[in-house]
Amino acid sequence: MPLAMNSSVDGKTGRLHLAGELDGNSAPAVREEVDRMMNQKLDRLVLAVEDLNFMASAGLRIIIFAKQRNPGLKIYVVKPQPTVVETLKKTGFYDAVY
């Protein structure tokens, strides 16, 4: 299933809704959008992933990129599917996000 995304920024909070599959093919577009949002000096990044049914390591790299760019950034992963939670746990990123 192809990836669909919608984003918005309200003050210092960026919100990115992802649906479908975040894999190596779709990750560059997501990273570009996160980069654009991060240019607005965010304090929080909310990843609404209730409709995301797969996240490959390329998706994890986007989270790493955002944290490297702004170490104080709080990243919230909202309503992840079990497969996404499993990926986050296996790689140790589960405890790094809210």
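Every value quoted in this text rests on a predicted model; they were computed, and no experiment measured them.
- For the atom pair OG of S7 and CG of L18, the computed distance is 9.5 Å after rounding to the nearest 0.5 Å.
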Decide yes or no on side-chain contact (heavy atoms from CB on, under 4.5 Å) for M5 and S26, but give the supporting numbers first.
CA-CA 10 Å; M5 69 176 157; S26 57; over 6 Å; no
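- Heavy-atom minimum distance, G59 versus L22: CA-CD2, 3.6 Å.
- For E32, the CD atom sits in a loose shell: 12 or fewer heavy atoms of surrounding residues, nucleotides or ligands are nearer than 6.0 Å.
- Between L3 and E21, the closest heavy-atom pair is CB-O, 3.4 Å.
- Ion pairing between E86 and K89 fails under the 4.0 Å rule for side-chain N and carboxylate O.
- Closest heavy-atom contact between K41 and K12: O-CD, 3.1 Å.
- Here CG of L52 is found 14.5 Å from NZ of K79. Values are rounded to the nearest 0.5 Å.
- Within the 3.5 Å criterion, the main-chain N or O of R61 finds no donor-acceptor partner in the side chain of R31.
- The closest donor-acceptor contact from the side chain of E50 to the backbone of P80 lies at 3.5 Å or more, if one exists at all.
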Please evaluate residues L88 and I63 with respect to the criterion side-chain contact (heavy atoms from CB on, under 4.5 Å), reporting the C-alpha separation (whole Å), side-chain torsions for both, the decisive distance (0.1 Å), and the verdict.
CA-CA 10 Å; L88 291 169; I63 294 172; 4.2 Å; yes
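- Each of H17, M37, R15 was checked for a side chain to side chain contact (heavy atoms under 4.5 Å, CB included) with S8, and the lone residue meeting it is R15.
- Within 6.0 Å of CG on D10 lie no more than 12 heavy atoms contributed by other residues, nucleotides or ligands.
- Residues T13 and L42 approach most closely at C-CD2, 3.9 Å, considering heavy atoms.
- In terms of modelled atom types and a separation under 3.5 Å, the side chain of D35 and the main chain of M38 share no donor-acceptor contact.
- L45 and A66 get closest at one heavy-atom pair: CD2-CB, 4.4 Å.
- For the pairing with V49, the side chain to side chain contact (heavy atoms under 4.5 Å, CB included) check across L16, V85, V77 returns one residue only, V77.
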